[in-house]
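For reference, the structure is listed below as structure tokens.
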Amino acid sequence: MQSDGKVVDGSLLGDANGVEPAPGRGKDSGKWQKPRFSRKALMKCCLVKWIITSTQPQDKDSSDSDLELSTVRHQPEGLDQLQAQTKFTRKELQSLYRGFKNECPSGLVDEETFKTIYSQFFPQGDATTYAHFLFNAFDIDRNGSIRFEDFVIGLSVLLRGSVTEKLNWAFNLYDINKDGYITKEEMLAIMQSIYDMMGRYTYPCVRDEAPSEHVDKFFQKMDKNRDGVVTIEEFIETCQKDENIMNSMQLFENVI
């Protein structure tokens, strides 16, 4: 369930065998519909909502709300460089930075702040574990904090990147220990954290064993050489060739 009280459709989790969701979910209940992600829909992600909310007019003089750079512990790279590295316009980057700076005057986001963000958007579930994994995916330097550059570059991939770029980012998320491989345990940990955050509030209801069943099916398809791990090549190739797995991967665009 989202923060606005709407039920999240559990079919976004897909099924590795291509089985259609249970009937009775609406006018097109007999046929599973591929999720449609318009630009407007993409801009509804949790991280963007957090930024946009923080840039809303407040009862402060504009000169007061625009913090001086001297108070910022970490100053980001120039807008020109970030514009070249991302698919955001200069105006969008300025807006994102204002919101980022309002919420994080030091110029850095720590993990506890990140977890607080997700707790606000998924109050009915436990977002702690998923937020931890997502934080580590953004924390490129592995130093316990996210810079504005890390944040906006990752956001650009998630919102406007190519399919391959998004899959590379998703692989990094699944690869919890960052050793270049995904194990079944790592995949299950990510999937379980998503269910803990929102799965139990989907319709139709998700069974407790569902995460494990999904992982078993997905992993069997991805682990081509049966060596017990999934490489980036296996991951991307399988996702691009299997529509059901690809649809499942798009779940991240709803919970990021």
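- When all heavy atoms of K87 and E165 are compared, the pair lying nearest together is NZ-OE1, 3.5 Å.
- Taking the side-chain hydrogen bond (donor to acceptor under 3.5 Å, both in side chains) definition, one finds that T89 meets it with E92, sequence neighbours left out.
- Separation of atoms CG (L155) and CG (L96) is listed at 6.5 Å; rounding is to 0.5 Å.
- F100 and F151 have tilted rings, their planes meeting at an angle from 30° to 60° on a 0 to 90° scale.
- Residues meeting the ring-ring contact (aromatic ring centres under 6.0 Å, His included) test with Y181, sequence neighbours left out: none.
- Not counting sequence neighbours, D141 has no partner by the side-chain hydrogen bond (donor to acceptor under 3.5 Å, both in side chains) test.
- Of the possible donor and acceptor atoms, none in the side chain of D110 sits under 3.5 Å from a partner among the backbone N and O of S145.
- The ring-ring contact (aromatic ring centres under 6.0 Å, His included) check on F135 picks up F114, with sequence neighbours excluded.
- Between the D223 side chain and the D227 main chain, a donor and an acceptor come within less than 3.5 Å of each other.
- No donor-acceptor pair under 3.5 Å is formed between the side chain of R98 and the backbone N or O of L93.
- A search for side-chain hydrogen bond (donor to acceptor under 3.5 Å, both in side chains) contacts involving S119 returns nothing, not counting sequence neighbours.
- Heavy atoms of other residues, nucleotides or ligands lying less than 6.0 angstrom from NZ of K241 number 12 at most.
- Contacts of K91 classified as salt bridge (charged side-chain N to carboxylate O under 4.0 Å, His left out), with partners at least two apart in sequence or in another chain: none.
- Ring-plane geometry between Y118 and F122 is classed as parallel, the angle between the planes falling under 30 degrees on a 0 to 90 degree scale with a further cut at 60.
- F133 approaches S193 most closely through the heavy-atom pair CD1-OG, 3.8 Å.
- Partners of D216 under the salt bridge (charged side-chain N to carboxylate O under 4.0 Å, His left out) rule, at least two apart in sequence or in another chain, are K184.
- Criterion: ILVMFWY side-chain heavy atoms under 4.5 Å apart, direct or through other members. Under it, I140 and V157 are not part of a common hydrophobic cluster.
- In this structure a side-chain-to-backbone donor-acceptor pair under 3.5 Å is present from T116 to E112.
- Pairing each heavy atom of L173 with each of A137, the nearest pair is CD1-CB, 4.0 Å.
- When the salt bridge (charged side-chain N to carboxylate O under 4.0 Å, His left out) test is applied to K224, no partner is found at least two apart in sequence or on another chain.
- By the side chain to side chain contact (heavy atoms under 4.5 Å, CB included) test, E233 is found to be paired with T231, residues two or more places apart in sequence or in another chain being considered.
- Closest heavy-atom contact between R142 and I176: NH2-O, 4.3 Å.
- Residues passing the salt bridge (charged side-chain N to carboxylate O under 4.0 Å, His left out) test with D139, sequence neighbours excluded: none.
- Among residue pairs with one or both ends in residues 167-176, none qualify as salt bridge (charged side-chain N to carboxylate O under 4.0 Å, His left out); sequence neighbours excluded.
- Taking Q240 as the reference, T164 meet the side-chain hydrogen bond (donor to acceptor under 3.5 Å, both in side chains) condition, with sequence neighbours excluded.
- For E111 and K115, the salt-bridge test passes: some basic side-chain N is under 4.0 Å from an acidic carboxylate O.
- A distance of 6.0 Å separates CG in L82 from CZ in F148, rounded to the nearest 0.5 Å.
- In this structure, CG in L188 is found 11.0 Å from CZ in F219, a value given to the nearest 0.5 Å.
- Hydrophobic clustering (side-chain heavy atoms under 4.5 Å, transitive across Ile, Leu, Val, Met, Phe, Trp, Tyr) keeps I236 apart from V229.
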